[in-house]
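Atoms within a ligand are numbered from 1 in the order they appear, just like the ligands themselves. We use all heavy atoms of the structure for the numbers below, so side chains are in, but hydrogens, waters and symmetry mates are not.
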Amino acid sequence: MQQLESDNSKRLMQFLYTLRSRGVLDTNVLLAMEKIDRGQFIKGPFAERAYEDVPLPISCAQTISQPSVVGLMTQALNVQPRDKVLEVGTGSGYQAAILSQLARRVYTIDRHSTLTNYVEKLFLDLNISNVTIFLGDGCLGLPEQAPFDKIMVTAAAEDPPSILLSQLKVGGTMIVPVGQSDSIQNLIKVVREESGFVYEELFPVRFVPLVEGLSKN
Ligand code: SAH
């Protein structure tokens with residue numbers, strides 16, 4: 001028993017060390033990533049690799065992102081305790097769970113009902129109560145909940161989706177991977193200012209594509 005505990009804490013120390021060494025330095029983000037156990041978001045044969053800094057397959061041919069990318073994207077979004085955040089691309093629910101620790105309220109949307117149903121149950125089990133999960137086309141955002149302080153898109157778009165930009169508050173930030181799905185994508189940070197949108201390129205990433213419309217499963 002004691003051995004297991006010490007193995008777990010060694011694994012967590014290593015996980016956090018890797019995040020820091022890859023540039024995740026924001027204390028609140030690190031605390032959230034310490035608290036949310038990535039192992040609970042990966043089932044099946046890949047579960048044992050949950051603490052490695054790699055993306056891994058989940059159901060519906062999608063992926064859970066690499067932890068350091070989750071950390072760097074969350075850090076770039078600069079989430080504040082009163083923020084209302086939209087995530088497009090629920091996937092495993094891991095990124096939404098991290099955001100739930102930092103924001104007042106999180107809305108997350110995916111086009112696969114298999115994923116949204118699964119994550120809904122998982123969040124009940126994990127007692128995460130400030131996240132609402134929607135089945136839908138995230139390209140359309142969530143007009144009834146808009147505007148948002150922060151928007152994070154976790155699938156690659158060809159351009160920052162204009163409907164999502166219109167759902168951002170003035171002073172708000174959106175993070176979105178931009179580029180073709182099978183080639184180099186760049187993470188883009190967009191800040192909505194009174195006078196318009198300001199774009200900044202952050203770093204190269206690789207995400208599954210943002211696909212319009214609902215999936216059948
Ligand atoms: N954030 C996730 C990883 C996302 S993988 C995590 O933490 O695990 C990308 C996700 O985007 C997939 O689940 C895919 O179904 C979803 N997606 C792709 N296009 C979408 C769209 N138009 N609307 C909503 N979700 C979409």
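Using a 4.0 Å cut-off between heavy atoms, Thr154 contacts ligand 1 through both its backbone and its side chain. Residue contacts with ligand 1 for Leu115 involve side-chain atoms from C-beta outward but no N, CA, C or O (heavy atoms, distance under 4.0 Å). Residue Arg111 touches ligand 1 through backbone and side chain together, judged by heavy-atom distances below 4.0 Å. Residue Gln62 touches ligand 1 through its side chain alone, judged by heavy-atom distances below 4.0 Å.
Using a 4.0 Å cut-off to heavy atoms of Ile64, the atoms of ligand 1 that qualify are 8 (O). Atom numbering of ligand 1 starts at 1 in the shown order; those under 4.0 Å from a heavy atom of Asp137 are 21 (C), 22 (N), 23 (N).
The protein heavy atom nearest to atom 7 (O) of ligand 1 is Gln95 N, 3.0 Å. Looking from atom 19 (N) of ligand 1 to the surrounding protein, the closest heavy atom is Val211 N, 2.9 Å. From the protein, the heavy atom lying nearest to atom 11 (O) of ligand 1 is Gly89 CA, 3.3 Å. Nearest protein heavy-atom neighbour of atom 8 (O) of ligand 1: Ser92 OG, 2.6 Å. With respect to atom 18 (C) of ligand 1, the closest heavy atom belonging to the protein is Pro209 O, 3.6 Å. Here the heavy atom of the protein found nearest to atom 5 (S) of ligand 1 is Thr63 O, 3.2 Å. Nearest to atom 13 (O) of ligand 1 among the protein's heavy atoms is Asp110 OD2, 2.6 Å. For atom 23 (N) of ligand 1, the nearest protein heavy atom (residue, atom name, distance) is Gly138 N, 2.7 Å.
Ring geometry for Tyr107 against Phe134 counts as tilted: the plane angle lies between 30° and 60°, on a 0 to 90° scale.
Within 6.0 Å of NZ in Lys121 there are 12 or fewer heavy atoms belonging to other residues, nucleotides or ligands. Counting non-hydrogen atoms of neighbouring residues, nucleotides and ligands closer than 6.0 angstrom, the CD atom of Glu212 reaches no more than 12 such neighbours.
In terms of heavy-atom proximity, Val205 sits nearest to Pro177 at CG2-CB, 3.8 Å. The shortest non-hydrogen separation linking Arg105 to Ser129 is NH1-O, 3.9 Å. Between Thr173 and Ala76, the shortest heavy-atom contact is CG2-O, 4.5 Å.
Rounding to the nearest 0.5 Å places CG of Leu115 at 7.5 Å from OG1 of Thr90. If you take CZ on Arg20 and CE on Met33, they are separated by 11.5 Å, rounding to the nearest 0.5 Å.
Of the residues listed (Ile36, Leu99, Ile98), the one engaging Val70 in a side-chain contact (heavy atoms from CB on, under 4.5 Å) is Ile98, and it is the only one.
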